[in-house]
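Input: a single structure, listed below in structure tokens.
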Amino acid sequence: MQPRIPRQSAHEHGIHRAENDARLSDELASVVTGARRRAVRDADRQIDTAHLLHSLLESDPQARALFEEPQIARLLGYLVQRSIGYGLRWQNGVEDSGAVPVVTETAGFSPLAAASMQYARERAARHGGPARGVDLLAAIVADSQARAVEVLRRAGIDQRAVQARIDGWTDASRQCPPQDCVRGGEAAY
């Protein structure tokens, strides 16, 4: 007789460990949970930066505020097509540009996604708080070989423009309530 609830694989256990990291805000832990579900549903071996971007856009108002509404719609359109379109070629490979050192402690993540999680934690530590969605967004758009950056390019969004908006994010705006972080379609800096 098979159990009704499947046992967690080592892969999923490693991802859950990352979600319970005290250096992540509750919001970012939720983003990781969403990315994990998406990776499992798409039958991907690892969470990659595109999974993280998709989850950020769906669940983090501060990260979403760094994009214009038409950009969000285009990005989500490309990300949804991942499982039926161009993303199929990603299933057989590991996301690793070689530009960042491999982080081995974050099981279940591609090397680039793991490095992005670490960078988000380090960036947040410089600001004196747990890693938030904006910290992760800064990390995943930093490497031009990331799958998330490929999605940005396909959606006609300049990676450098996104980085500039993130760089304009101040300590004060990092703490603002999500509804106050947007003025006229633009992020409040």
Side-chain angles (χ1 to χ4, degrees), residues 27-28 31-32 34-35 38-39 42 44 46-90 93-101 103 109-124 126-127 131-174 176 178-189:
E27 297 85 3
L28 192 52
V31 166
V32 172
R38 184 162 279 105
D42 292 346
D44 292 331
Q46 298 175 320
I47 294 172
D48 64 25
T49 59
H51 292 121
L52 292 169
L53 177 62
H54 197 162
S55 192
L56 273 171
L57 291 173
E58 287 184 335
S59 63
D60 189 289
Q62 290 179 335
R64 196 171 40 250
L66 293 166
F67 296 94
E68 298 170 7
E69 279 303 316
Q71 291 177 326
I72 293 170
R74 280 194 312 270
L75 280 171
L76 288 173
Y78 277 104
L79 289 163
V80 166
Q81 291 178 32
R82 169 194 181 115
S83 63
I84 59 171
Y86 68 92
L88 289 176
R89 65 184 160 79
W90 291 343
V94 174
E95 179 187 40
D96 181 18
S97 70
V100 294
V103 178
F109 288 79
S110 72
L112 256 177
S116 294
M117 293 297 294
Q118 183 62 35
Y119 176 88
R121 289 182 198 101
E122 292 168 2
R123 185 177 190 276
R126 289 192 299 269
H127 296 289
R132 298 196 177 288
V134 174
D135 298 310
L136 181 57
L137 183 60
I140 63 178
V141 300
D143 190 321
S144 61
Q145 298 301 310
R147 291 175 179 171
V149 174
E150 182 178 339
V151 172
L152 289 173
R153 280 193 299 266
R154 287 179 178 270
I157 299 169
D158 183 7
Q159 164 192 9
R160 291 178 306 265
V162 175
Q163 287 173 318
R165 287 187 208 120
I166 294 167
D167 290 343
W169 195 261
T170 65
D171 287 336
S173 63
R174 287 175 53 84
C176 72
Q179 66 274 14
D180 296 339
C181 289
V182 180
R183 280 186 248 148
E186 302 246 344
Y189 301 121

### Task
Evaluate the salt bridge (charged side-chain N to carboxylate O under 4.0 Å, His left out) criterion for residues Arg154 and Glu150: first the C-alpha distance (whole Å), next the side-chain angles of each, then the deciding distance (0.1 Å), finally the verdict.
CA-CA 6 Å; Arg154 287 179 178 270; Glu150 182 178 339; 3.4 Å; yes
### Message
For the backbone of Ala50 and the side chain of Arg147, can you confirm whether one donor and one acceptor N or O come within less than 3.5 Å of each other?
### Response
no
#### Entry: Working for side chain to side chain contact (heavy atoms under 4.5 Å, CB included), residues Val31 and Leu28
CA-CA 5 Å; Val31 166; Leu28 192 52; 4.0 Å; yes
### Task
Keeping the roles fixed (side chain from His127, backbone from Ala124), state whether a donor-acceptor pair exists under 3.5 Å.
no
### Query
For Leu112 and Ile140, what are the C-alpha separation, side-chain angles and deciding distance, and is it a side chain to side chain contact (heavy atoms under 4.5 Å, CB included)?
CA-CA 8 Å; Leu112 256 177; Ile140 63 178; over 6 Å; no
### Task
Give the C-alpha distance, both sets of side-chain angles, the deciding distance and a yes or no for side chain to side chain contact (heavy atoms under 4.5 Å, CB included) between Ile157 and Tyr78.
CA-CA 12 Å; Ile157 299 169; Tyr78 277 104; over 6 Å; no
### Rounded distance (nearest 0.5 Å) linking atom CG of Leu56 with atom CG of Leu75
11.0 Å
### Message
Ignoring hydrogens, what is the shortest heavy-atom contact between Ser59 and Pro61? Give both atom names and the distance.
### Response
O-CD, 3.4 Å
### Message
Check whether Thr49 reaches the backbone of Ala148 with its side chain - one donor and one acceptor, N or O, closer than 3.5 Å.
### Response
yes
### Query
Hey, what do you get for CG (Asp60) to CG (Leu66), rounding to the nearest 0.5 Å?
9.0 Å
### Task
Could you tell me which non-hydrogen atom of Arg165 sits nearest to which non-hydrogen atom of Phe67, and how far apart they are?
NH1-CA, 4.3 Å
### Message
I'd like to know if the side chain of Ser55 and the backbone of His51 have a donor-acceptor N/O pair within less than 3.5 Å.
### Response
no
### Message
Under a 3.5 Å distance rule, please check whether Gln62 uses its side chain to pair with a backbone N or O of Val134 as donor and acceptor.
### Response
no
### Task
Please lay out, stage by stage, how Ile47 and Met117 fare under the test side chain to side chain contact (heavy atoms under 4.5 Å, CB included).
CA-CA 11 Å; Ile47 294 172; Met117 293 297 294; over 6 Å; no
### Query
Is Asp135 close to Arg132 at the side-chain level, that is, under 4.5 Å between some pair of heavy atoms?
yes
### Message
Looking at every non-hydrogen atom in both residues, tell me the closest pair between Ser116 and Ala139 and how far apart they are.
### Response
O-CB, 3.3 Å
### Task
To the nearest 0.5 Å, tell me how far Leu57 CG sits from Arg64 CZ.
7.5 Å
### Message
Is it the case that atom CZ in Arg160 sees more than 12 heavy atoms from other parts of the structure closer than 6.0 Å?
### Response
no
